[in-house]
Amino acid sequence: MDEKVPAAADNQAPVLFGESPERQTNSTTLRDGAVRSSTTMKIDAIESEMSSEFVHLPPASKASLDANSAAPITTTQGSNTTQMTLPVMSRATEYLDDQSRSGSIEVSVSDTPEVIEEAAVLFASDQCDIAEALLLNAIAESDLGSSTHVVWWMLLDLYQITGKQQEFDNLSVDFANKFETSPPTWIDIMTLDPQAKNQEKPGALPAVAFSGKLDANIGKQLERAQKLSATHPAVRLEFTRVSSVDPIGCGLLLRMLKKLQKSGLDLILVGADELADKIREILLVGRRDETAAPWLLLLEILHLLNLEEAYEDASIDYSITFEVSPPPFVKPHAKIITAAEDNTLNASNTTSGNNSLLMPILIEGRTDELLTKIQTHANAYSPAIMDCSRLVRVDFSAAGELLNGLSMLASNGNAIEFHSVNHLVTALFKVVGIQEVVRVVPRKN
């Protein structure tokens, strides 16, 4: 029977949790005898690459630079001197060119210094180290004209966002000397979120949202979950926007769920029932696919949701298909909380003032839901003010979707204003053209 059992998504035979010594022995035998499927090897390769980037490389090192496209620069801040290697033609410029040619995002020509646009796009793409180096180099060269203040403000905002208070303080002293005025004050990013002081509220927890197809492209979300697990006692995983699944995505998510539980992390699962239904859509009892990953993920989700009856039913189907019985149902050891979609929206629906809608900390992925909230608010108020006091970053691709949606609202006569926008996001809004369709008010310094 051993040769009939496929390799599981986590390089083990179909074994999940609550193993008895006897079952662990059987599992080892099955694992040693199983032939690794191509799907399993793909999952291994993706996870290996993801782990390598997460553990060993800073964000700025995720793309390699060859000798012909890079040049060393030296930046000085106070008494600190730093030498870094930066591309002669930055990745931000190349990315903007690619997007402009493809028609995804139309980048308008402006008189804004190139370093501001490049740093804004790099930050939007989560490349903070390169953005920091670009801004530092621009400040050192002191050839920014009327945009000098903007570059300094962008770098000060970047230091606050990345938690570099010592660098912020050093640059603040230089700022005061150069401009003969008081520099911006240090603000703990957590205080920008009204919900952040109460970590017991679901909306206050860091969230990782999955959308579209759950496939090999979920590495970014998994990296974020892994990073958050190292600094937070609980993480919120949202699956309400998942449209479909495939075996590779199932295998990757299964491994991450096991890691998060092993670390003792508490989990808040949103839309897990819907995800289970999506998995069932690709399963057929009696059909032995190349990998058991979707079956194992389904069982794991039912286990986490503490749905014993549904787990037993799925176990029977699994046993018929693979001629191997999964372990008996045991209650999950980690604290698992399920949340309805209505609760997911509570934090982002918070308003500050009668005509002000509070923006989320991060805008990434699909923006349909956010645009719906903005439209509803704009229908009720004119002008409709978007409070961006806690908005830290807007992903570059999300900015393009946001532009399209805001353009439609503006064409329908809606007056929309984004207030208290940090200078990095303000620069991005100017790059992609959002500033041309809505009023953008930068954060006061």
Side-chain angles (χ1 to χ4, degrees), residues 92 96 99 105-125 131 135 144 146-158 160-161 184 187 189 192-193 348 350-364 367 370-445:
L96 279 170
Q99 294 299 315
I105 298 177
E106 183 177 346
V107 181
S108 58
V109 178
S110 70
D111 56 357
T112 303
E114 186 175 334
V115 63
I116 291 179
E117 297 182 345
E118 291 184 350
V121 174
L122 285 166
F123 175 72
S125 303
L135 294 170
L144 299 166
S146 60
S147 298
T148 302
H149 277 87
V150 175
V151 174
W152 283 74
W153 285 332
M154 289 175 69
L155 184 55
L156 287 166
D157 278 351
L158 181 61
Q160 289 199 83
I161 291 168
I187 301 174
I189 292 299
L192 298 178
D193 184 1
S348 55
T350 302
T351 58
S352 53
N354 290 333
N355 65 333
S356 182
L357 178 67
L358 189 63
M359 291 291 96
I361 295 175
L362 174 65
I363 298 177
E364 64 178 347
T367 61
L370 178 61
L371 285 167
T372 298
K373 297 189 185 95
I374 294 175
Q375 180 175 6
T376 301
H377 198 66
N379 290 339
Y381 302 100
S382 183
I385 296 175
M386 306 298 119
D387 180 356
C388 300
S389 58
R390 70 169 187 168
L391 175 62
V392 170
R393 185 171 70 88
V394 179
D395 182 75
F396 189 82
S397 59
E401 290 192 15
L402 194 60
L403 169 63
N404 293 334
L406 292 173
S407 297
M408 292 183 62
L409 292 176
S411 66
N412 291 331
N414 296 112
I416 300 172
E417 300 181 2
F418 282 70
H419 285 203
S420 300
V421 187
N422 73 48
H423 292 87
L424 291 156
V425 175
T426 297
L428 176 70
F429 282 178
K430 189 171 184 179
V431 169
V432 301
I434 289 177
Q435 200 158 297
E436 298 177 11
V437 297
V438 301
R439 183 177 178 225
V440 178
V441 181
R443 180 178 300 159
K444 293 181 180 180
N445 292 281

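Residue numbers run from 1 in the order of the sequence given. All of these numbers come straight from a predicted model, not from anything done at the bench.
To the nearest 0.5 Å, atom CZ of residue Arg390 and atom CG of residue Leu362 are 11.0 Å apart. Atoms CD and CZ, on Glu364 and Arg393 in that order, are 6.0 Å from each other to the nearest 0.5 Å. In this structure, CG on Leu155 lies 11.0 Å from CD on Gln160, to the nearest 0.5 angstrom. One finds the CZ atom of Arg443 at 9.5 Å from the CG atom of Leu424 (value rounded to the nearest 0.5 Å). With rounding to the nearest 0.5 Å, the separation of CG in Leu402 from CZ in Phe429 is 5.5 Å. Taken from OG1 in Thr426 to NE2 in His423, the straight-line distance is 6.0 Å, to the nearest 0.5 Å.
Looking only at side-chain heavy atoms (C-beta outward), Leu358 and Ser389 come within less than 4.5 Å of each other.
Phe123 and Ala131 make their closest contact through N-CB, 4.2 Å (heavy atoms, listed as atom of the first residue, atom of the second, distance). Among all heavy-atom pairs drawn from Leu403 and Val432, the shortest one is CD2-O, 3.0 Å. Of all heavy-atom pairs between Ala124 and Val394, the closest is CB-O, 3.3 Å. Residues Ala399 and Ile434 approach most closely at O-CD1, 3.8 Å, considering heavy atoms.
Scored by the side chain to side chain contact (heavy atoms under 4.5 Å, CB included) test, Thr148 finds Leu144, Trp152, Lys178, Phe179 as partners (sequence neighbours excluded). Under the side chain to side chain donor-acceptor pair (under 3.5 Å) criterion, Asn414 pairs with no residue at all, not counting sequence neighbours. Not counting sequence neighbours, Ala380 has no partner by the side chain to side chain contact (heavy atoms under 4.5 Å, CB included) test. For Thr367, the side chain to side chain contact (heavy atoms under 4.5 Å, CB included) test picks out Ile363, Leu371, Ala398, Glu401, with sequence neighbours left out.
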Would you please test Met386 and His377 for side chain to side chain contact (heavy atoms under 4.5 Å, CB included) and show each step? CA-CA 9 Å; Met386 306 298 119; His377 198 66; 3.8 Å; yes

Apply the test side chain to side chain contact (heavy atoms under 4.5 Å, CB included) to residues Met359 and Phe418: give CA-CA distance (whole Å), side-chain angles for both, the deciding distance (0.1 Å), then the verdict. CA-CA 9 Å; Met359 291 291 96; Phe418 282 70; 4.3 Å; yes

Run the numbers on Ile116 and Ser147 for side chain to side chain contact (heavy atoms under 4.5 Å, CB included), then give the verdict. CA-CA 9 Å; Ile116 291 179; Ser147 298; 3.8 Å; yes

Take Ile385 and Asp387, measure what side chain to side chain contact (heavy atoms under 4.5 Å, CB included) needs, and give me the verdict at the end. CA-CA 6 Å; Ile385 296 175; Asp387 180 356; 5.5 Å; no

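Judged by distance alone, with hydrogens and angles left aside, the side-chain atoms of Asn422 form a donor-acceptor pair with the main-chain N or O of Leu391 at under 3.5 Å.
Pairs of residues two or more places apart, or lying in two chains, never qualify as salt bridge (Lys or Arg N to Asp or Glu O under 4.0 Å) while including a residue from residues 406-415.
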